[in-house]
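First the structure, in the form of structure tokens, and then the observations on it.
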Amino acid sequence: MLHTLMYSPSHSDLDTLLLMAEAGDDLLLLQDGVLAAVAGSRAWVQLSACKATLWVLDEDVQARGLSGQISTTVRSVDYNGFVTLTIRHPQQMVW
């Protein structure tokens with residue numbers, strides 16, 4: 001399953017997301033969801049325990065001026081990579 005976190009972590013249910021995400025899933029952080037990948041943040045501490053593979057949409061990171069602040073353990077993806085993730089996962093859940 002592809003999980004997409006589009007909203008700021010302060011307006012998201014990260015606890016439930018973490019319960020639902022399983023190994024083999026992908027979690028893409030986009031729009032204001034990229035804030036959850038800021039290294040050292042409370043949201044990042046929570047997400048770092050996620051069983052899913054974590055991705056961040058590079059264009060949204062750049063648009064928010066966060067390029068140097070994103071955790072190095074998150075994989076970066078562009079829009080083509082986003083499309084690849086959606087093809088890989090017919091089931092998707094938006095957070």
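In what follows, every heavy atom counts, from backbone to side chain, and hydrogens, waters and symmetry copies are set aside.
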Hey, what do you get for CD (Gln46) to CG (Leu18), rounding to the nearest 0.5 Å? 6.5 Å
According to a hydrophobic-cluster definition based on side-chain heavy atoms being under 4.5 Å apart (Ile, Leu, Val, Met, Phe, Trp, Tyr only), do Met6 and Tyr79 belong together? yes
So, for Leu54 and Val74, which heavy atoms are closest and what is the spacing to 0.1 Å? O-CG1, 3.8 Å
Answer with yes or no whether the side chains of His3 and Asp26 bring together a donor and an acceptor at under 3.5 Å. no
Where is the tightest heavy-atom contact between Leu35 and Ser41, given as atom of each residue plus distance? O-OG, 4.1 Å
Going by the side chain to side chain contact (heavy atoms under 4.5 Å, CB included) test, name the single residue among Thr4, Leu29, Leu17 that passes it with Trp95. Leu17
Could you tell me whether the side chain of Tyr7 reaches within less than 4.5 Å of the side chain of Gln31, counting heavy atoms only? no
Just so I know, are the side chains of Arg75 and Val56 near enough to count as touching, which here means a heavy-atom distance under 4.5 Å? no
Testing the basics here: between Trp44 and Ala39, what is the closest heavy-atom pair and its distance to 0.1 Å? CD1-CA, 4.2 Å
With rounding to the nearest 0.5 angstrom, report the CG to CG distance, Asp58 to Leu30. 12.5 Å
If you take all heavy atoms of His89 and Gly24, which pair is closest and at what distance? CE1-O, 3.6 Å
hydrophobic_cluster_shared for Leu57 and Val83, side chain cutoff 4.5 Å: no
Ignoring hydrogens, what is the shortest heavy-atom contact between Cys50 and Leu27? Give both atom names and the distance. SG-CD2, 4.2 Å
Shortest non-hydrogen pair, Met1 vs Asp25, comes out as N-OD1, 3.0 Å
Are Leu5 and Ile70 linked, directly or through intermediate hydrophobic residues, by side-chain heavy-atom contacts shorter than 4.5 Å (ILVMFWY only)? yes
